[in-house]
Asks: 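Questions regarding the structure given below will be posed in turn.
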Amino acid sequence: MNKKVKNLVFSGVQPSGNLHLGNYLGAMRNFVELQKKMDCVYSIVDLHAITVFQDPKKLEKSIMETVSSFIACGLDFKKSIIFNQSSVSAHAELAWIFNCVSRLGWLNRMTQFKEKAGSNRENASVGLYVYPNLMAADILLYKATHVPVGDDQKQHLELCRDIANKFNNDFNNSEFFPLPEPLIQKNFSRVMSLRDGKKKMSKSEDSDFSRINLQDSEDDIEKKIKKAKTDSHLITANKKDLENRPEALNLLNIYSSVTKTSLETTLKEMEGKDFSKFKKKLADALIASICPIGKKIKELNKDKHQLLTILRDGTEKAKVIADKNLKEIKQIVGFI
Ligand code: TRP
């Protein structure tokens, strides 16, 4: 790879009015750490959102609330570039070019499409199918070198590398796009549903008791943790004892993650305690780290003008890089 390539982080988050603990521990907190070390571009990917129908009023609100969540979690809009994807038209333009680079056979292997389209595949939007090409465009438009992603997006990032590689080869420009690397959080275990330790914590699960939302009150958090599924075994220092106990493991992982300790340390600390005592500690830890963020989000949501200004500034900064790169890409492809 070209040695002169500058490190740059890109990541995208789908607009959601209600970010939860999984989003925070799995993505946002990591984004905040990364911005201390590298230049970062974080996009609210509204073009991706409409691959399934979105109510326009709700979409607008979700975009705004995602900006406030970004800021409340600690993203620094002066340092990092924060913007909404649809405001930089180069994303859609490059996605089209990539639609012509990417292969049907590659997209046919994407497991997320299969899951999301489900049995009613004929009725899925074409956008949902080419979603990974747009994601590749997001990343490569900035020639990003590092992409923080969760497990579920690894395959899409592989496809992005395939596209970059094919583009570089097809157009005899072997060093044009860097091949972006995934950034996987060390020692991170995915945050699972509080009702079912085998399912990812998700906004789409019916019961609100399955997740901790960033805007939950202290009371909500206490109640949800109290009701969270566990078992009646005592906690031991032996990790092996957590095998086949996904709910117990999930709560202990959440505690470790929130308090930034290892699971081993948590187990030692909690050894001999039952889950009712542990849950009290967990609730306290969650309240201490989540509630201040929730309050900040609510405060920021009141000032729509400020949020729009943040997005507008981010868009301007993003466009400087995106438009320059797109111009080069168009020349390479042969557009006049
Ligand atoms: N597909 C990602 C998700 O659902 C969101 C996303 C869009 C993204 N573009 C991206 C992530 C670029 C990383 C890089 O989580």
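Order of appearance sets the numbers: ligands from 1, and atoms from 1 within every ligand.
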Asks: What I'd like to find out is whether the side chain of Leu159 reaches to under 4.5 Å of the side chain of Met110, using heavy atoms alone.
Replies: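 Answer yes - side chains close enough.
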Asks: Going by the atom numbers of ligand 1, which of them fall below 4.0 Å from some non-hydrogen atom of Val45?
Replies: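 So the atoms of ligand 1 that pass are 7 (C), 9 (N).
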Asks: Can you list the ligand 1 atoms lying under 4.0 Å from a non-hydrogen atom of Phe10?
Replies: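 Answer, ordered by atom number: 12 (C), 14 (C).
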Asks: Heavy atoms only, cut-off 4.0 Å: how does His156 contact ligand 1, side chain, backbone, both, or neither?
Replies: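 Near ligand 1, His156 shows nothing, with every heavy atom at 4.0 Å or more.
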Asks: Please check if the distance between the ring centroids of Tyr131 and His156 is under 6.0 Å.
Replies: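 Yes: the rings meet the under 6.0 Å criterion.
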Asks: Nearest protein heavy-atom contact for atom 1 (N) of ligand 1: which residue, which atom, what distance?
Replies: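 Protein heavy atom with the smallest distance to atom 1 (N) of ligand 1: Tyr131 OH, 2.7 Å.
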Asks: What residue and heavy atom of the protein are closest to atom 6 (C) of ligand 1, and at what distance?
Replies: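 Answer, as residue, atom name and distance: Gly12 O, 3.7 Å.
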Asks: Give the atom numbers and elements of ligand 1 that come within less than 4.0 Å of a heavy atom of Val147.
Replies: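 Heavy-atom distances to Val147 below 4.0 Å select 13 (C), 14 (C).
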Asks: To check your reading of the model: name the closest protein heavy atom to atom 10 (C) of ligand 1, its residue, and the distance in Å.
Replies: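 Going by distance alone, atom 10 (C) of ligand 1 is nearest to Met135 CG, 3.5 Å.
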Asks: Measure from the ring center of His91 to the ring center of Tyr142 and say whether it is less than 6.0 Å.
Replies: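 Yes, the ring centres sit under 6.0 Å apart.
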Asks: Within 45 degrees of the ring normal and closer than 6.0 Å to the centroid, is that where the cationic atom of Lys227 sits relative to Phe209?
Replies: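 Satisfied, under 6.0 Å and within 45°.
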Asks: Going through the distances and angles, do Phe31 and Tyr42 end up as a ring pair (Phe, Tyr, Trp, His ring centres under 6.0 Å)?
Replies: CA-CA 8 Å; Phe31 290 0; Tyr42 296 122; 4.4 Å; yes
Asks: For ligand 1, which part of Gln153 has a heavy atom less than 4.0 Å away: the side chain, the backbone, both, or neither?
Replies: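 The side chain, only.
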Asks: I need the single residue from Leu300, Ile71, Val67 that forms a side-chain contact (heavy atoms from CB on, under 4.5 Å) with Gln306. Which is it?
Replies: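 Only one of Leu300, Ile71, Val67 forms a side-chain contact (heavy atoms from CB on, under 4.5 Å) with Gln306, namely Leu300.
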Asks: For residues Tyr255 and Phe278, establish whether the separation of their ring centroids is below 6.0 Å.
Replies: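 Yes, the ring centres sit under 6.0 Å apart.
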Asks: Backbone, side chain, both or neither: what part of Ile139 comes under 4.0 angstrom of ligand 1, heavy atoms only?
Replies: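 Under 4.0 Å from ligand 1, Ile139 contributes side-chain atoms alone.
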Asks: Name the closest protein heavy atom to atom 9 (N) of ligand 1, giving the residue it belongs to and the distance to 0.1 Å.
Replies: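 Going atom by atom, the protein heavy atom closest to atom 9 (N) of ligand 1 ends up being Asp138 OD2, 2.7 Å.
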